[in-house]
Amino acid sequence: MNYIDQEDALNYAIKEKLGSNAKYHIMTYGCQMNEHDSEKISWVLDQAGLQATDQIDEADLILLNTCSIRHSAENKVYGKLGELKAKKRERNLIIAVCGCMMQRKESRELVLEKFKQVDIIFGTNNIHKLPDLLLQHLETGDRIVNIEHSFQATDDQLWANRYFSYKSFVNIMYGCNNFCSYCIVPFTRGREVSRPSKDILEEVQTLVDSGVLEITLLGQNVNSYRPGLEGDYNFTRLIYDLAEIQGLERIRFMTSHPKDISDELLKAFKDLDKLCNFLHLPIQAGSNRVLEKMNRKYTREDYLRKIYRLRDLVPDIALCTDIMVGFPEESEEDFQDTLDLVREVEYDAAFTFLYSPREGTKAARNPNQVSQEIKKDRFDRLLDTMYPIFEKKNKALIGKTLDVLVEGESKHNGRMLSGRSDGFKLVHFEGEKDLIGKIVPVKIQEANSFNLGGERIHD
Ligand code: SF4
C-alpha cells in the first residue's frame with residue numbers, strides 16, 4: 001500500500017470506528033526529549049486527520065508518552081493506566097503507550113500482561129509508524145506492538161506541532177554510548193546516532209522563518225554529536241554554523257557530558273553572542289571514588305578544570321548541574337566531597353535526585369545500597385548547602401538589566417509576565433500580554449533562590 005492509499009484507508013477506518021471528529025490527547029512524562037517527541041506525535045496524528053484535545057474525556061485516542069529514568073516515573077504511568085481502564089469500559093477508547101518505558105523489556109511485558117486495556121505500544125524510534133499501527137489496530141482490533149530499533153537519524157524528516165511559536169527544541173542526535181552504571185537510557189534509546197548537519201540547519205532556518213527566536217538543541221550527550229559521512233564535523237562547528245542564521249537570537253543545548261566538552265566549545269561561549277551564557281553540566285557526585293563507580297569517565301579535577309577555563313573566558317556564565325545523592329557505597333566522606341564541590345563551583349541552579357535503582361543497570365545489582373534514611377538526610381543537607389548559594393548568585397543580579405524572552409503570564413499572578421534571561425534565570429515583571437514571545441530588557445529589583453523580579457525598561 002502506498003502512502004496515499006494508506007492515508008485514505010486510515011481516514012476511512014478512523015471515521016468508521018471513531019466518527020468523523022476523532023480526537024487525541026497526549027500525556028507526556030519525563031524530559032525535554034519526550035516533550036519534543038510528543039510534539040512530533042501530535043504532528044503525525046494531525047496529518048492522519050485527528051484533532052488534538054486537552055480534555056481527556058473528549059479523546060478517542062489517549063497516548064501516554066512515558067519515561068523510564070526512575071521507578072517513580074514508571075509508577076505514575078501504571079497509576080494512570082489503572083485509571084484509564086474504567087474510562088475504556090465506559091466508551092470506545094483507544095489507548096496507546098510509547099516512549100522509553102516501552103523500549104524496556106520488563107516494563108513493556110508488565111504493561112502487556114497487567115493492562116489489557118492498552119491497544120498500541122510503540123517505541124521512541126517508531127513515531128513515524130503510528131498511523132500505520134493505528135490503522136492495523138482499527139482494522140483488526142488486535143493489540144499492536146512495534147518497538148523495533150529501525151530508526152536512522154536520516155529518517156528524521158518528521159515535523160512537529162511546536163508548543164511555542166518563539167522557542168523550539170531541535171533534536172540533533174539520539175541515543176547514548178556512555179553506559180553510566182545507574183542509567184537505563186542506552187538500553188531504552190539505543191546507541192548514538194547523529195542527524196546530518198544539513199537537516200538540522202534547514203530545520204532551524206525554517207523555524208526562524210516562522211518566528212522562532214530561541215532553539216534548544218537536544219540529545220542525551222550533545223557534545224559527542226558527530227554526523228557520519230561528514231568528516232570531522234562536530235558539535236562546535238554546528239553551533240558556529242547555526243549562529244550564522246539571521247534572525248536566530250538564542251542557542252541553548254542539553255545535555256552535556258563533562259568528558260566530551262571540548263576547549264573549542266568553551267571558547268564558543270565567548271565568541272558567539274547567540275550562544276546563551278548558560279551551561280548545564282551534570283557532575284552527579286563530587287567524589288572520584290563514586291564517579292568511577294558511576295562509570296562517568298571523568299574526575300572532579302577534570303570537571304573543575306573545565307569550569308575554571310569557562311569562567312576565565314566568560315566570567316558571568318550561569319552554571320547548572322545534576323547531582324545524585326546516595327549512590328551505592330557512597331560514604332559520608334564521599335558526600336562531603338560533593339558538598340565541597342558545590343561550595344567551590346557555586347552553581348546557579350541544580351537538579352538534585354535521590355539515587356533510585358533501575359532494574360537492569362549495574363548499580364542496581366550492587367549489594368551495598370545506601371539506606372533511604374541516609375539518602376534523605378544527605379539530600380536535605382545538599383539543599384541546605386545549595387539554596388543560599390543560589391540566592392547569593394541571584395541577589396548579585398539586583399540592579400542589572402537582563403534581556404528576557406517573555407514566555408507567558410506568571411503562574412502565580414495574572415498581572416505579571418514571566419520569562420527567561422540569557423542565563424536561564426526565571427524573571428517576573430509587570431507587562432502586557434503582547435510582549436509574550438519577545439525579548440525585552442528588565443531591570444532586576446529583587447531576588448530569591450529560584451527567581452528574579454524586576455521592571456521592564458522602555459527603550
Ligand atoms: S550520559 Fe550517562 S546518564 Fe546520560 S544518558 Fe548516557 S548513560 Fe545515561
Side-chain angles (χ1 to χ4, degrees), residues 29-37 65-74 99-107 123-125 149 151 153 169 171-195 216-226 234-235 252-262 265 279-300 302-303 306 319-328 330 338 341 350-366:
Y29 301 82
C31 66
Q32 281 83 358
M33 297 282 276
N34 264 21
E35 278 179 35
H36 188 41
D37 280 352
N65 187 7
T66 63
C67 166
S68 64
I69 201 87
R70 268 173 273 284
H71 260 310
S72 54
E74 294 209 353
C100 291
M101 240 175 104
M102 294 303 95
Q103 297 288 148
R104 196 171 162 265
K105 188 164 170 276
E106 295 78 7
S107 314
T124 50
N125 295 336
H149 272 291
F151 181 86
F169 296 126
N171 278 122
I172 64 164
M173 62 187 301
Y174 301 89
C176 181
N177 292 348
N178 285 314
F179 293 93
C180 299
S181 64
Y182 51 85
C183 181
I184 198 79
V185 167
F187 305 100
T188 55
R189 291 217 171 226
R191 300 299 100 78
E192 286 175 6
V193 187
S194 298
R195 289 178 68 196
T216 302
L217 305 173
L218 289 181
Q220 303 296 345
N221 179 14
V222 287
N223 313 127
S224 63
Y225 170 79
R226 213 164 252 278
N234 62 12
F235 183 59
R252 300 186 187 278
F253 57 84
M254 68 185 305
T255 299
S256 291
H257 196 300
K259 79 176 165 53
D260 294 312
I261 285 257
S262 63
L265 178 58
L279 177 64
H280 176 211
L281 196 60
I283 177 72
Q284 302 297 3
S287 145
N288 283 337
R289 199 179 75 89
V290 173
L291 287 172
E292 199 183 335
K293 291 201 172 293
M294 288 177 165
N295 195 29
R296 291 290 288 175
K297 303 191 182 89
Y298 55 82
T299 62
R300 70 181 273 144
D302 298 333
Y303 182 93
K306 292 187 184 191
L319 292 169
C320 173
T321 195
D322 293 351
I323 295 183
M324 188 185 287
V325 297
F327 190 77
E330 182 192 68
T338 298
L341 184 130
F351 298 97
T352 46
F353 309 95
L354 268 72
Y355 167 77
S356 87
R358 294 307 290 122
E359 206 180 309
T361 60
K362 191 173 172 203
R365 294 192 291 276
N366 189 319

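Each ligand, and each atom within it, is numbered from 1 in the order the structure gives.
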Practice item. Answer side chain, backbone, both or neither: which part of Tyr182 comes under 4.0 Å from ligand 1, heavy atoms only. Key: side chain

Exercise for review: Kindly compute the distance separating CG (Leu217) from CZ (Arg195), expressed to the nearest 0.5 Å.
Suggested key: 10.5 Å

Review point. Which residue and non-hydrogen atom of the protein lie closest to atom 8 (Fe) of ligand 1, and at what distance in Å?
Key: Cys183 SG, 2.3 Å

Review point. Would you find more than 12 non-hydrogen atoms of other residues, nucleotides or ligands less than 6.0 Å from Lys259 atom NZ?
Key: yes

**Study point:** Subset of ligand 1 atoms that lie under 4.0 Å from at least one heavy atom of Val185
**Key:** 5 (S)

Review point. Yes or no on side chain to side chain donor-acceptor pair (under 3.5 Å) for Asp37 and Asn65, after CA distance, side-chain angles and deciding distance?
Key: CA-CA 8 Å; Asp37 280 352; Asn65 187 7; 5.0 Å; no

**Study point:** Shortest protein contact, atom 4 (Fe) of ligand 1 (heavy atom only)
**Key:** Gln220 O, 4.4 Å

Practice item. Among Ile261, Thr321, Leu291, find the residue that satisfies the side-chain contact (heavy atoms from CB on, under 4.5 Å) test when tested with Tyr303. Key: Thr321

Check your understanding: For atom CD of Gln32, is the number of surrounding heavy atoms from other residues, nucleotides or ligands below 6.0 Å larger than 12?
Key -> yes

Point to revise | Proximal atoms of ligand 1 relative to His257 (non-hydrogen, under 4.0 Å) | key: 1 (S)

Revision key, fill the gap. Under 4.0 Å from one or more heavy atoms of Pro186, ligand 1 contributes atoms 7 (S)

Check your understanding: What do you reckon, does Gln284 put a non-hydrogen atom under 4.0 Å from ligand 1?
Key -> no

Practice item. State the atoms of ligand 1, each with its element, that fall below the 4.0 Å cut-off from a heavy-atom position in Cys180. Key: 1 (S), 2 (Fe), 3 (S), 7 (S)

Review point. Is any side-chain N of the basic residue among Arg358 and Glu74 closer than 4.0 Å to the acidic one's carboxylate O?
Key: yes

Practice item. May I ask which of Cys176, Ser256, Pro282 has a heavy atom nearer to atom 6 (Fe) of ligand 1 than the others do? Key: Cys176

Study note, to complete from the structure: When every non-hydrogen atom of Gln103 is compared with those of Gly123, the smallest separation belongs to OE1-CA, 2.7 Å

Review point. Which of the atoms of ligand 1 are close to Phe179, meaning less than 4.0 Å from one of its heavy atoms?
Key: 7 (S)

